[in-house]
Structures are given as structure tokens and as C-alpha cells.
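Sequence lines set the chain letters: A, B, ... in the order given, protein chains first and strands last, and positions in each chain run from 1.
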Protein chains: 2
Amino acid sequence: MEYQRSESKRAFKDQLYEQLARIGKALASPHRLELLDLLAQSERSVEELARETTLPVATVSQHLQILHAARLVDVRRRGRHRRYRLASGEVARLWLALRRTGEAHLAELEQLVTTWLPERRHWPALSIDAALELLNTGRALLLDVRPRDEYASAHLPQARSLPVAELATHLSELPRDCEIIAYCRGPYCVFADEAVALLRAHGFRAWRLEVGVPEWQERGLPLIEERSDFSWQV
Amino acid sequence: MEYQRSESKRAFKDQLYEQLARIGKALASPHRLELLDLLAQSERSVEELARETTLPVATVSQHLQILHAARLVDVRRRGRHRRYRLASGEVARLWLALRRTGEAHLAELEQLVTTWLPERRHWPALSIDAALELLNTGRALLLDVRPRDEYASAHLPQARSLPVAELATHLSELPRDCEIIAYCRGPYCVFADEAVALLRAHGFRAWRLEVGVPEWQERGLPLIEERSDFSWQV
DNA sequence: TTGATATTCAATAGAATAATTGAATGATTG
DNA sequence: CAATCATTCAATTATTCTATTGAATATCAA
């Protein structure tokens, strides 16, 4: 009877970990992680995801279905597109936890950054707290240098949208009497690096914020979010 | 040149996500998740893990090496055993984030609990806050009903060790004039359920704490931890 | 040294996963 | 209703992952 009981405990555990492994398996492909990373910025159509990842549309579709089967993403129709998004903030937290675990333990990650983004040595990135200090005392302007639709989906409270691609043509509108803080998708996105490089080349006092929208939200700080009720209409 | 630049960006991203996928792949097996779950309680030898998971030792060893290659676990020799443990609290947070994502989105998980642990309907589990309230006002006794070595590795500040297997023979030592709160490995562990059932059958006022040590620690609350400097000696 | 013990290694077969291609579906627009 | 477009499906192949077995290695104790 004690034996029977532990037999059935085993069956319970087997089923429990098998269910949780559905999520683990969904995280087991670099392409799917890239998709999650993009979706953490804003919802997107299959086509948009294919363009950004340089993968065939059919491949992206299949990966999205795997993510959907693990309930990590949601789909909705809009027009003739299907728009995928993270199932919840819980999924964003999972992705951030995975990334942080990598940062903590995979030396190769650090190596990648020093190899590919060597200019980061020059100027330190601002932490959330440092940025808030500057912003709350009016000593800095905050720029969201991501594409406009990501800004529309969700952005930091005091941010102005100025995609890095348009930055060069709008330099004259920027102030020279305060700091300029640029943020993008997060620590592995280069938009803010490029923005800071360009701004500094033109004599501005520019800094990169080390985080993006998902990390900001995870900290419990407020965001300006698109009314998704509206965005799903049409 | 713009083309070249985006080509090299792609190479960077490919390498980035490939590195992070090392961690995702490590999470892609139910057995490895069970190993992480056990290691979140306390370090263990290969043999102990094999016994608890009812897997062949060689299989456990191989899974541990996969976890080690992804830097999720550490090994050290002690005597003629090798003791594995989580690489850091970051890994515990990752595991908890994965589990929570499952709880949020996998209906099958909830179904499993109602099927296998139907007695949970009878009495609600205590939240951390509810338990702290009772404990700080001296109205409850806290029991750690896990095996003794897990208690030794780390336990909640006010807890007394009384493994569920020994509970029946120590009933006379327990107070009848206050609440008794039992905790175990966490929400999917049955030790506390069994303890509460036994205690209630004998007229005690017993409750299950809904969390275990990893969740307690994640909340930033203090633990009593074994001096690992000592434990590695010998 | 020898023997016992804990763990890892190596080889294998079977299962699951991934990418690719082209065709099919299904909704929207004209 | 036909044409268009976004997405999915189906079938294939190549690859990777998993579990199992028995042998090998390394450490400790006698």
C-alpha cells in the first residue's frame, strides 16, 4: 500500500514535469527565443516577424505554432493578418529570467558583447535609477529610438519617439542644454548604441539607457500602453 | 555598406540567441526539470537524485552534464560523491518563472492538481503574508516536514524540522493551543498535505503553507542556511 | 595494493525536432 | 465572384535528442 502510494506519486510527478517541459521545449530553439524577444516589444504579424528574423514565413509560422501550443503566445486576426503577442507578462518575465541566467553564467554572452559592441566600453549605460534621477529633475530628455509601432504599442512615460533611422534628419530639434537618454529594445539591441554614437558625434550629451520596455515594466514602473481594445478593432 | 552592416548584425543576433538557447535546450526535458526542482531544495549527489527520480544513475548523470554544460548547475566533490547544486539563485528564479508561466497558462496543470490532490479543496493554503501574520504574533508553530537534510541545507527562520515520515510518532510533542503550519518543497509537493491530513485527523489545527524555501527566498525573506564552506570540507 | 563504490563514458537504436518546398486554406478587396 | 494576399498545412529529409546497456575511470578504505 505504501508502495502503491508512491507509485501513484510518481505518475503525478511524471505528468507534472511533462506539462512543464512543454514550456521548456518551446524555449529550446534560438529562433523561438528571438521571436519571444521581438514579441516582448510589441505584437506582430507573421510577416513582420519573418522580415525581422530573416526567416522564411512558413518557418516562422511553424515556430509560432509551437509557441502557441505551449501557450506562450496568443493570436488574433486583424484584417487579413494574424497578430501574435506574448500570452502575458508572465511570459515576458520568463524570457527575462532566462536571459538573466545566461548573463550570470554564460561567459560566451559577455564575450559576444565585447566583440560585437566594443564601443560600449566608452560610455557607461544608465541604470533605471540613474535615468529616473535625471528625468525627474528635468535634466534630461528621453528618446525612444525604436520603430514607431513599437513606441505606439508601449513606451516609457516621458519618452519621445524618434526612430534611429530618422535621427540624423531631426538633430536640429534636440536640446544641447541637457542630457539626452536613448533607449531601445534592451541590452542586446543596437539602436540606442547607434543613436548615442551619432548624437555624440554631433556634440550632444547622449547616454544609453541599459534597459528597454520589458525590464522597465518588470520593475513595476508605469508605461504608456496602446489601448489594445482599440487596436484589435478594425 | 548598410547591407554589410545589417549582415553582421544578423551574425551577432544568431550567436546571441544560440547561446541563450543553450539554456532553453537544457529546460526541454521533464527529467531535467525535476532535477532542477529537487536541486532548488538542496544540493544532492547523483545517487540521491537517481533514487528520488526513480531513474537509472547513468541517465541522471547524463542529464546533469547537460545542465552543467548550460551552466545551470555546479558540481563539487565531497568524499567519493559529487554533489550537484544550482549554479545560483538566478537559476532558481528561472525555474520558478517557468513554473509560474505554466500555472498561468497551462490548464492541464490545474487539472492535474485537482485530480491528484483533491483534498486541497478542503482547506485553503496559507499565503506567505498570512503565515507571517500568525507567526509574528505567536499564534502558530511552523513545521518543516521535508527530509532532515533539506531542512539542514536551508529552512525558514522559525521552522522546526519534523519530517512527515516521523510525524506520527511525535504527535504528543505538538501544541494543541495554537495553529500548526506545515511547509514542504512547494506547491506540487505532497508532504505538507499529508502532514496536515494526519494532524487534522488527530484534532490539531493544521494548515499548509502554499510555498517552499525557493519561493520564500525569491520574495527576499531571510533563510537559515547551512554554512556551505563547512559542508564542502571533509 | 586491492576491493568497493560513485560516477562517467561510449555505443547504439529509437524518437523527436528542424528546415524546406510547394500546395492548400481562408479572409478581404475589387 | 474572382483575385489577391497572409498564413498554414503536408510531406520529406537531415539532424538532434533520449534512454539503455555495459564497460571504464577515479576515489576512498582496508
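B:R219 has no carboxylate O lying under 4.0 Å from a charged side-chain N of B:E215, or vice versa, which leaves the two without a salt bridge. With salt bridges taken as basic N to acidic carboxylate O contacts below 4.0 Å, none links B:R185 and B:E210.
Following rounding to the nearest Å, B:L35 (CG) and D:dA19 (P) show an atom-to-atom distance of 11 Å. Regarding A:E34, its CD atom lies at a distance of 16 Å from the C1' atom of C:dA19, rounded to whole Å. The separation between B:I66 atom CD1 and D:dA19 atom P is 8 Å, rounded to whole Å. Atom CZ in A:R22 sits roughly 12 Å away from atom P in C:dT17 (whole-Å rounding). Going from atom CD of B:E18 over to atom C1' of C:dA18 covers 14 Å, rounded to whole Å. Protein atom CZ of A:R78 is 14 Å distant from nucleotide atom C1' of D:dA6, rounded to whole Å. Put simply, CG on A:L55 is 15 Å from C1' on C:dT21, counting in whole angstrom units. Put simply, CZ on B:R82 is 14 Å from P on D:dT25, counting in whole angstrom units.
Contact between the side-chain N/O atoms of B:R83 and the OP1/OP2 oxygens of C:dA6 is not found at any separation under 4.0 Å. Of the side-chain N and O atoms in B:R32, one or more sit less than 4.0 angstrom from OP1 or OP2 of D:dT18. Contact annotation: B:H63 does not reach the phosphate of D:dC17 (side-chain N/O to OP1 or OP2, under 4.0 Å). One finds no side-chain N or O of B:Q65 lying less than 4.0 angstrom from the OP1 or OP2 phosphate oxygen of C:dT7. Put simply, A:S61 has a side-chain N or O that comes within less than 4.0 Å of OP1 or OP2 on D:dT8. An OP1 or OP2 oxygen of C:dT28 is reached within less than 4.0 angstrom by no side-chain nitrogen or oxygen of A:H81.
You'll find a donor-acceptor pair under 3.5 Å spanning the side chain of B:Q62 and the base of D:dT20, going by distance alone.
Each of A:S45 and B:A58 has a nearest nucleotide on DNA chain D; the 5'-most of these lies closest to A:S45. Judged by closest nucleotide on DNA chain D, A:R80 is the one of A:T59 and A:R80 placed further toward the 5' end.
In this structure, the nucleotide among C:dT8, C:dA18, D:dT27 sitting nearest to the side chain of B:Y84 is C:dT8. Set against D:dT7, C:dT8, C:dA27, the side chain of A:V46 has D:dT7 as its closest nucleotide.
In this structure, A:V60 and A:L49 approach most closely via the heavy-atom pair CG1-CB, 3.9 Å. The minimum heavy-atom distance between A:F191 and B:K9, with the atom names listed, is CE2-NZ, 4.5 Å.
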- Carefully, step by step, assess B:Y188 and B:D37 under the rule side chain to side chain donor-acceptor pair (under 3.5 Å). CA-CA 10 Å; B:Y188 298 101; B:D37 198 18; over 6 Å; no
